[in-house]
Amino acid sequence: MLADYGDVVPRRELEMLEASCKNLETELEVVKNDRTALMGEHNVLQALYKQVVNERDKLSQEMNQLKRSATPRPQWDRCAQYIDGGQDKWNELSNGKSSDQVVDVLLAEIAGVSIDELIKSDVFDGKGVGPEVPRYLKATGQVRNRRIGRGEANRLINGFWQYRTDSTDVLPLDECLFSYLVSINNGDETMAIEEGYNLEDACTRLDYEPLIHLFHQIISDEVDEKVFRYWMQIQATLTAALEQESQKGLVTTTVLGQVLQAILPSKPSDHIKVLLGVASSQGDLSHLLKPESEGQPSGFSLCLLEQTRQECSSFVQEIANALNNKSQISVADMKQVVLTLDPTKPAEELTALLSRGFAVSPQQISNEAAEVTTTVTKLLQRLNTGHVLRSGP
């Protein structure tokens, strides 16, 4: 029998091929291990990159906030020449005081208030306990003056609104504020009254701050509480919408414009352009409504409030123009005027508007048999202090 060696490979060549294969397998294993290690390092670098991007965005937002609100400390000594008593008196008044406190001194001078009295007064004189005195200010004798600043005033105001929102009791504003102050002072009514006097004083001194000014107007019954509630409601709705959009990707001014138009369909287009301009100066658009330092509302939030007040005033002016030279008006006639100007206004909003304008309960408005009338002057005054906004475009 003859052997066929046609397909036989020499042993030496086989051994060389086997050795080469083993070397290649070893090298492949090394490459696989290197790749696994590199993928691990890549994942770590990606996580670090995301952290750096988040930190960058936060720092960018803080930088934009500082550009808007932070300024170098002014050269306060330049004010000395305008103060009676010159440099010596100014040094006495300003030494050891923060910029915020120095501004209080200057405002007192501008308003013609005695600076000595403003700075050195350690107590308030109680307003008494008569029915005309708000519950949170009912006191006799003297009350300690702690001269609380903007941060403390904002903390109390924001805390009060949260307390009123959470409360199940429907109390008059002054009673509710007193109840809140008692709750944060462990039930001590004396401390609550002291807190009330200091908050009232801060509202007077810091009336130029928008949040404090609005609170003071509402608690003094100069503006309807619904103005604040609507402002909070719009911010909550807008915040939720922006968070939802941010989950889909980066929130741009185009996306923000679409959200604003969807939430506020009756808002004038020029007002939306202004809001977009304010937003573009801030960093992360998904956090437009985040409060700034010391509980201050963001610039975007304050712009929303200012625009809402302007839109209310414009609508009331339209009503005034429609009433022409009338001196008296009935509920039926007023209802017709409002629906002519704003045909899509919901029945509930219409009833609320008429109830405020005629100073009667919603039940009286709903009773068509009740012939309620008022003077146009009083009606417009009441509407101007309320939340009277156009519902349709």
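FYI, side chains are in, hydrogens and waters are out, and symmetry mates aren't considered; it's all heavy atoms of this structure.
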Locate the shortest heavy-atom distance separating Val133 from Gly128; write the atom from each residue and the value. CG1-O, 3.8 Å

Counting only heavy atoms from other residues, nucleotides and ligands, does the tally under 6.0 Å from CD of Glu222 exceed 12? yes

Of all heavy-atom pairs linking Leu323 and Ile329, the shortest is CD2-CD1, 3.2 Å

Using only atom types and a distance under 3.5 Å, with no angle test, would you say the side chain of Lys127 pairs donor to acceptor with the backbone of Lys138? no

Just how far is it from atom CG of Asp333 to atom CD of Gln328, taken to the nearest 0.5 Å? 11.0 Å

Which residues satisfy the ring pair (Phe, Tyr, Trp, His ring centres under 6.0 Å) test with His387, sequence neighbours excluded? Tyr230

How far apart are the C-alpha atoms of Gln258 and Glu245, what are their side-chain angles, what is the distance that settles it, and do they pass the side chain to side chain contact (heavy atoms under 4.5 Å, CB included) test? CA-CA 11 Å; Gln258 293 169 350; Glu245 290 295 334; over 6 Å; no

Counting only N and O atoms by type, is there a donor-acceptor contact under 3.5 Å from the side chain of Ser355 to the main-chain atoms of Thr351? no

Just by distance, do the side chain of Asn145 and the backbone of Phe124 share a donor-acceptor pair under 3.5 Å? no

Side chains of Val123 and Val143: closer than 4.5 Å at any heavy-atom pair? no

Under 4.5 Å between any side-chain heavy atoms of Phe300 and Leu289, yes or no? yes

Distance only, no hydrogens: is a donor on one side chain within 3.5 Å (strictly under) of an acceptor on the other, for Asp57 and Gln61? no

With a 3.5 Å distance limit and no angle check, can you tell me whether Asn23 reaches the backbone of Ala19 through a side-chain donor-acceptor pair? yes

Go through the steps for Gln142 and Tyr197 under the test side chain to side chain contact (heavy atoms under 4.5 Å, CB included), then give the verdict. CA-CA 10 Å; Gln142 294 183 325; Tyr197 270 85; over 6 Å; no

Test item: Ile184 and Leu156 side chains (from C-beta on) under 4.5 Å apart, heavy atoms: yes

Could you walk me through whether Met334 and Lys326 satisfy the side chain to side chain contact (heavy atoms under 4.5 Å, CB included) test, starting with their C-alpha distance in whole Å, then the side-chain angles of each, then the deciding distance to 0.1 Å, before giving a yes or no? CA-CA 11 Å; Met334 182 60 183; Lys326 291 183 179 179; over 6 Å; no

Pair Glu15, Arg12 - check salt bridge (charged side-chain N to carboxylate O under 4.0 Å, His left out), show working. CA-CA 5 Å; Glu15 289 174 352; Arg12 187 173 67 175; over 6 Å; no

Here the gap from Glu13 atom CD to Glu18 atom CD, rounded to the nearest 0.5 Å, amounts to 11.5 Å

Whether the side chain of Thr308 engages the backbone of Leu304 through a donor-acceptor N/O pair (distance < 3.5 Å, no angle test) should be reported. yes

Looking at Leu276 and Gly257, what are the two nearest heavy atoms and their distance? CD2-N, 3.7 Å

Glu189 and Phe178, any side-chain heavy atoms less than 4.5 Å apart: yes

Shared ILVMFWY cluster between Leu339 and Val388, side chains joined below 4.5 angstrom? yes

For the residue pair Glu194 and Asn185, establish whether any side-chain heavy-atom pair is separated by less than 4.5 Å. no

Looking at Glu55 and Lys58, is there a salt bridge between them, counting it only when a charged N and a carboxylate O are closer than 4.0 Å? no

Take a 6.0 Å sphere around OH of Tyr49 and say whether it holds more than 12 heavy atoms from other residues, nucleotides or ligands. no

Just do the salt bridge (charged side-chain N to carboxylate O under 4.0 Å, His left out) check on Glu195 and Arg146 with the steps written out, would you? CA-CA 9 Å; Glu195 201 92 73; Arg146 294 191 285 110; 2.5 Å; yes

Correct closest heavy-atom pair for Lys345 and Ser391 would be NZ-OG, 3.0 Å

Within the structure provided, determine whether Glu318 and Arg390 are in side-chain contact (heavy-atom separation under 4.5 Å). yes

Approximate separation, where rounding is to 0.5 Å, of His213 NE2 and Leu211 CG: 11.5 Å

For Tyr180, all residues meeting ring pair (Phe, Tyr, Trp, His ring centres under 6.0 Å), sequence neighbours excluded: Tyr163

For the hydrophobic clusters of this structure (ILVMFWY residues joined by side-chain heavy atoms under 4.5 Å, transitively), does one cluster hold both Met191 and Ile193? no

From SG (Cys176) to OH (Tyr136), nearest 0.5 Å: 12.0 Å

Just by distance, with hydrogens left out, do Gln162 and Asn158 show a side-chain donor and acceptor under 3.5 Å apart? no

Min side-chain heavy-atom separation Ile219-Leu199 under 4.5 Å: no

Closest heavy-atom pair and its distance - Arg135, Asp174: N-OD2, 3.1 Å

Asn384 side chain to Leu380 backbone, donor-acceptor under 3.5 Å: yes

Spatial distance of atom CD (Glu311) from atom CG (Leu264) [nearest 0.5 Å]: 8.0 Å

Sub-4.5 Å side-chain heavy-atom contact between Ile212 and Asn154: yes

Identify the residue among Asp224, Thr385, Leu173 that makes a side-chain contact (heavy atoms from CB on, under 4.5 Å) with Ile218. Leu173

Hey, can you pull the donor-acceptor pairs under 3.5 Å for the side chains in residues 24-35, sequence neighbours left out?
unit_1: Thr26; atom_1: OG1; unit_2: Lys22; atom_2: O; d: 2.9
unit_1: Asn33; atom_1: ND2; unit_2: Glu29; atom_2: O; d: 3.3

Cys203 and His216 have their tightest heavy-atom pair at CB-CG, 3.6 Å

Is Ser313 reaching over with its side chain to a backbone N or O of Arg309, donor-acceptor style, under 3.5 angstrom? yes

Joint hydrophobic cluster, Tyr208 plus Leu214, side-chain heavy atoms closer than 4.5 Å: yes

Leu305 CG to Met232 CE distance, which is reported to the nearest 0.5 Å: 8.0 Å

Assess the residue pair Thr340 and Gln336 against the criterion (side chain to side chain contact (heavy atoms under 4.5 Å, CB included)); give the C-alpha distance rounded to whole Å, side-chain angles, the decisive distance to 0.1 Å, and a yes or no. CA-CA 6 Å; Thr340 300; Gln336 187 62 41; 3.7 Å; yes

